[in-house]
Peer 1: 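Encoded as structure tokens, here's the structure I'll be asking about.
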Amino acid sequence: MTVEETETHVILTHPKNPQTQVSILKHGATVLSWTIKGKEQLWLSTGAKLDGSKAVRGGIPLVFPVFGKKPDVEAVKDLPQHGFARDSPWEFLGQTKEEPLTVQFGLGPENVREELLSKWSGNDFTLILTVELTEESLKTSIEIENTDSHPWDFNWLFHTYLQIDDIEDTLVSNLPGELCYDQLLKISYEEKHPVVDFHGEVDRIYQKVSDSKNIQVVALGKPLHTLKRDNLQDVVVWNPWIEKSKGMGDFLPKDGFKNMVCIEPGHVSDFKTLQPGEIWRASQLLFQDELKYQAV
Ligand code: BG6
């Protein structure tokens, strides 16, 4: 069977290779695992809660309608960090294509817990997540529709946790020349380094990066992951390192930060306004590619 649904999960298996699979938890429509010929591409905490009691630590959590905490923005000031999409039970809408193998999930106000929904001024919306698996790639696409009679603002982000062998041997490429907001230092600057490397906690928002630039995660000179964006202007690069990992109860093992890096494409450096009836679409494609240095 290529698409298997259980009470809690949906599992896609590539028809040509049973070890090329994606597993999605209905809670948060969170991609938990993606293997290519048996090799895991994503990082998932062994302490992640998969019972719907909390957003998942690892995989690809979905961030909507706010990125981070925005206490100064009236419309979202009471929402929890990263909003409610990652912590709501999405509906499985079924398989929509055989080639590539494609499934969809939906989220509307009726799926969101009242105590969370009431913190977002009762706005009406429909979210459709599409997940496509090929032999070498995983694509996640989002459609956000304003089904209300007034405009509203939102952030969107795919909080993608990528699996790596050793963070200290890992670089992230193709970001020089971009405007960066460092969330730890709380300053903005132009990125001058040819690559991002990791020797401590990193939490940066690269802003308005052209979609033509693919982000590559490079391990010991070899490209491990390539991420292509469509209509996702910002790229967050995050690794919690030692202290921050200690503070997250669901982050296990505690030295798991060595084996993950988050590359999170989104629309988060400003809010996107959606008019009544308007639909906004965006996607990320994860695939294997050769090393391509895309100069400024
Ligand atoms: C990243 C943010 O996107 O998510 C970080 O840039 C944050 O600041 C991280 O710490 C994890 O957030 P959470 O809510 O999943 O612990």
Side-chain angles (χ1 to χ4, degrees), residues 42-45 47-48 54-73 76-77 79-83 86 155-164 166-209 213 215-219 224-225 227 229 232-271 284 296:
L42 301 176
W43 183 86
L44 178 66
S45 165
K54 202 178 183 310
V56 175
R57 176 70 60 202
I60 313 180
L62 305 174
V63 170
F64 173 88
V66 65
F67 171 74
K69 264 304 263 171
K70 300 259 166 67
D72 304 335
V73 181
V76 295
K77 68 177 175 20
L79 281 172
Q81 160 128 324
H82 293 342
R86 64 177 181 166
N155 292 145
W156 175 265
L157 173 130
F158 292 106
H159 200 304
T160 309
Y161 288 74
L162 295 168
Q163 167 102 245
I164 54 173
D166 185 345
I167 188 71
E168 294 197 70
D169 294 337
T170 301
L171 306 170
V172 175
S173 76
N174 292 334
L175 291 167
E178 301 299 343
L179 178 66
C180 171
Y181 177 70
D182 190 309
Q183 302 221 80
L184 304 172
L185 303 173
K186 307 222 177 309
I187 52 165
S188 294
Y189 56 89
E190 186 192 322
E191 182 59 87
K192 300 279 188 198
H193 291 281
V195 289
V196 181
D197 57 2
F198 301 87
H199 305 289
E201 185 180 352
V202 169
D203 191 352
R204 298 182 195 156
I205 308 173
Y206 289 91
Q207 305 182 5
K208 305 204 163 107
V209 180
K213 283 193 182 175
I215 309 303
Q216 295 198 295
V217 175
V218 183
L224 203 59
H225 304 284
L227 192 150
R229 294 160 295 127
L232 293 169
Q233 60 174 23
D234 306 310
V235 179
V236 177
V237 177
W238 181 60
N239 182 286
W241 214 255
I242 300 165
E243 288 308 315
K244 182 97 188 225
S245 301
K246 274 190 202 158
M248 293 185 281
D250 60 352
F251 193 101
L252 289 173
K254 282 298 164 206
D255 64 356
F257 71 91
K258 293 179 182 166
N259 302 115
M260 54 74 63
V261 63
C262 281
I263 306 293
E264 312 164 25
H267 189 118
V268 297
S269 62
D270 54 19
F271 280 93
Q284 74 165 9
V296 184

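Quick note: residue numbers are just sequence positions, from 1.
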Peer 1: What residues form a salt bridge (charged side-chain N to carboxylate O under 4.0 Å, His left out) with Lys246, not counting sequence neighbours?
Peer 2: Glu243
Peer 1: Arg229: which residues meet the salt bridge (charged side-chain N to carboxylate O under 4.0 Å, His left out) condition with it, sequence neighbours left out?
Peer 2: Asp211
Peer 1: Test of understanding: with side-chain hydrogen bond (donor to acceptor under 3.5 Å, both in side chains), list the residues that count as partners of Asn239, not counting sequence neighbours.
Peer 2: none
Peer 1: By the salt bridge (charged side-chain N to carboxylate O under 4.0 Å, His left out) test, which pairs, at least two apart or in different chains, include something from residues 168-187?
Peer 2: Glu178-Lys213, Asp182-Arg204
Peer 1: Report the distance from atom NE2 of His193 to atom SG of Cys180, rounding to the nearest 0.5 Å.
Peer 2: 10.0 Å
Peer 1: Taking atom CG of Leu157 and atom CD1 of Ile60, what is their separation to the nearest 0.5 Å?
Peer 2: 11.0 Å
Peer 1: Got a sec, which pairs hit salt bridge (charged side-chain N to carboxylate O under 4.0 Å, His left out) with one end in residues 56-72, sequence neighbours left out?
Peer 2: Arg57-Asp250
Peer 1: Starting at CG of Leu44, measure out to CD of Gln163 and round the result to the nearest 0.5 Å.
Peer 2: 9.5 Å
Peer 1: For Gln183, check side-chain hydrogen bond (donor to acceptor under 3.5 Å, both in side chains) against everything at least two apart and list the hits.
Peer 2: Asp203
Peer 1: In chain order, what residues pass the salt bridge (charged side-chain N to carboxylate O under 4.0 Å, His left out) check against Lys208, with sequence neighbours excluded?
Peer 2: Asp270
Peer 1: Identify, with sequence neighbours excluded, every residue that meets side-chain hydrogen bond (donor to acceptor under 3.5 Å, both in side chains) alongside Ser269.
Peer 2: Gln233, Asp234
Peer 1: Residues two or more places apart in sequence or in another chain: which of them pass ring-ring contact (aromatic ring centres under 6.0 Å, His included) with Phe257?
Peer 2: Trp241
Peer 1: Using the side chain to side chain contact (heavy atoms under 4.5 Å, CB included) rule, take Leu62 and Phe158 through it: C-alpha gap first, then chi angles, then the decisive distance, then the call.
Peer 2: CA-CA 5 Å; Leu62 305 174; Phe158 292 106; 3.6 Å; yes
Peer 1: Among all residues two or more places apart in sequence or in another chain, which pass the ring-ring contact (aromatic ring centres under 6.0 Å, His included) test with Trp43?
Peer 2: Tyr161, Phe251
Peer 1: Find the distance between OG1 (Thr170) and CD1 (Ile164) and round it off to the nearest 0.5 Å.
Peer 2: 3.5 Å
Peer 1: Among all residues two or more places apart in sequence or in another chain, which pass the ring-ring contact (aromatic ring centres under 6.0 Å, His included) test with His267?
Peer 2: none
Peer 1: Could you list the residues that satisfy ring-ring contact (aromatic ring centres under 6.0 Å, His included) with His225, not counting sequence neighbours?
Peer 2: none
